[in-house]
Each structure stands twice: as structure tokens, then as C-alpha cells.
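Quick notes on the structure that follows.
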Amino acid sequence: MSSTELSLIDASSSAPFAVQPVVSSLASLKPVPGDPVRLEVRHPKARFNLRFVGLYEGKGVILSAPRQQKIKIAEGSALLIKMICANRICSFSSRLLKIQEQPYPLWHIEYPQEMTLKRLRQHTRVPLALKVMIDAGEDAPNSQWPALCTDISLQGASVEVISSALPLKNKMFVTARIRVAGVDHVLLLPASICRAVESEQVGIKITRYSLEFSDLDEDTHLTLAGFVYQQWLYECGQLDTL
């Protein structure tokens, strides 16, 4: 998908991204070292999954170099960049200024003159298949269950368990092991049940619960946001599994 196509996504549509005004300062978005970057070279056509390293405002952006580079990319090549900054996905055109080999490989690219931003809607659910643990509290019999999280957003999630014994309208915790930008995290998400639907799959009774998160601390909320945005990049084909 080109930057032009991305900019035409209607914020009022059902698409997961809401278009934001074009801005000129990447530094104002405060990208974090290690954030995933999708880099596309126009000629010769190639794609790389890199990491943001740093920037010199108004001058250049520093990225990790590709680990394996089958196609030789020349300095001066035109680039299309897509990266996550806070709770936005930004895309911009650039060019390769310098390939640095020592003391470790880095790519220096031109600082963007302007960028197109998309904000992921908070209530949009991202499909996935993630094993989690549900802890319904000490007052519930058999208080812990393994579960499968089938979708997730910044506000809640859907989980499936092979049991209908979870206490409805009760506070609980969802424990999930996730990987964001190459870093492993364990999330402990306080949640309550909004809805439960029972079904049967291959003779096994399954209950699907819609959960709402509550009282997330700042670190947990930021990590969850990074995970949700990363999953959307995978779903949209803008980021390969790292």
C-alpha cells in the first residue's frame, strides 16, 4: 500500500486507522529506540524490517541496518518509511543518506519534511490467537483457567475457555505473555465480564467471554497499546513477523 493510498483512509469509516493532519516534525512524536520500522526501497524494489535508533532533528534519522541484505541498496536511494510513534502510525518519504558499517551497521536516512499520521481507533478489535491465563480471584472455586484470547483492543478482549464456571460480573485478571518490538513482556490486565456466549466445538463446551479492561496503570497501558498497534501492522501486511 502506498503512502497516497494510506492517506485516503476515511476516519469515519470502519477502518482501524483514523487519518491525522500532516505534520513535519518527527521529533515531536518522540519515537523510542527499538520501535519497529518498515522500510521500502523503490528501486530496486525491496522491503526491510528495521529498528529506530535515533534522530538529529531536521538533519537525519538513524535506523538499524538489515541483518541479511540480498539486494545491494545504494546511497541516495528513494525510501518509503512506516513506523509506530506512540499511539500513531506514521509514513513518510525519505532517501538513504549513508550506510555505516563500523563500529556496527547503521543506516542514516533523510529527515522527513512531512508525514502522514494514522491513529488506531481505541475500540477496534485486533484478531489474534494468544494463550492467556484467567484468574477469577480467591473467592471463586478453581480460580485459574487457561484461555485463548481471540481478539484484543485497548479497552478489552474476547477470550474462550473450556468451562462456563467463571463468575459473571466479577473482577478478574488476564495474564498474557507478549512480545513488542522484540522485547518480551508479561501483562496483568484487570478486567470484568460484559457478556458470555456458550457454544460447542467438536463435542467440547466452549464459553466465549467479552471482557472490559479497567484500572490499567500507565506502563501496562503503553505496553498494551504497542502490542495492539503492532498486531494491526501484521494484519495490514505492513510489518512482517519479526
Search all heavy atoms of [X] against all heavy atoms of [Y] and return the closest pair with its distance.
X	Y	answer
Ile99	Ile73	CD1-O, 3.3 Å
Glu114	Phe92	O-CB, 3.5 Å
Val180	Gly226	CG1-C, 3.9 Å
Ala65	Leu50	C-CD2, 3.9 Å
Arg42	Leu79	NH2-O, 4.0 Å
Ser94	Glu110	OG-O, 2.7 Å

**Request:** Report yes or no: does Gln100 contribute a side-chain atom to a donor-acceptor pair with the main-chain N or O of Gln102 at less than 3.5 Å?
**Result:** yes
[atom1]-[atom2] distance between [X] and [Y], expressed to the nearest 0.5 angstrom:
X	Y	atom1	atom2	answer
Thr223	His185	OG1	NE2	5.0 Å
Phe213	His221	CZ	NE2	10.5 Å
Leu211	Leu189	CG	CG	9.5 Å
Arg95	Ser77	CZ	OG	10.5 Å
Gln155	Leu216	CD	CG	8.5 Å
Met83	Leu63	CE	CG	7.5 Å

Using a 4.5 Å cut-off on heavy atoms from C-beta on, say whether the side chain of [Y] contacts that of [X].
X	Y	value
Val197	Thr207	no
Gln231	Ile152	no
Tyr209	Val161	yes
Ile62	Tyr56	no
Leu55	Pro31	yes
Met133	Trp145	no
Asn49	Val37	no
Pro112	Ile81	no

**Request:** Give a yes or no on whether a salt bridge exists between Asp151 and Arg208, defined as a side-chain N under 4.0 angstrom from a carboxylate O.
**Result:**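 Yes, Asp151 and Arg208 are salt-bridged.
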**Asked** Under a 4.0 Å N-O cut-off, is there an ion pair linking Lys82 with Glu40?
**Response**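 The answer is yes: the pair qualifies as a salt bridge.
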**Request:** Indicate whether the side chain of Ser91 and that of Arg38 have a donor and an acceptor atom separated by less than 3.5 Å.
**Result:** no
**Request:** Begin with the C-alpha distance, continue with both residues' side-chain angles, and end with the deciding distance and a verdict on side chain to side chain contact (heavy atoms under 4.5 Å, CB included) for Thr220 and Leu222.
**Result:** CA-CA 6 Å; Thr220 299; Leu222 289 174; over 6 Å; no
State plainly whether one hydrophobic cluster holds both [X] and [Y], where clusters connect Ile, Leu, Val, Met, Phe, Trp and Tyr through side-chain heavy atoms under 4.5 angstrom apart.
X	Y	answer
Leu128	Leu187	yes
Leu106	Ile109	no
Phe173	Leu148	no

**Asked** Is the count of non-hydrogen atoms from other residues, nucleotides or ligands lying under 6.0 Å from Glu212 atom CD greater than 12?
**Response**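 Not buried by this count: 12 neighbours or fewer within 6.0 Å.
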**Passing option when Trp107 is tested against Val53, Leu96, Leu97 for side chain to side chain contact (heavy atoms under 4.5 Å, CB included)** = Leu96
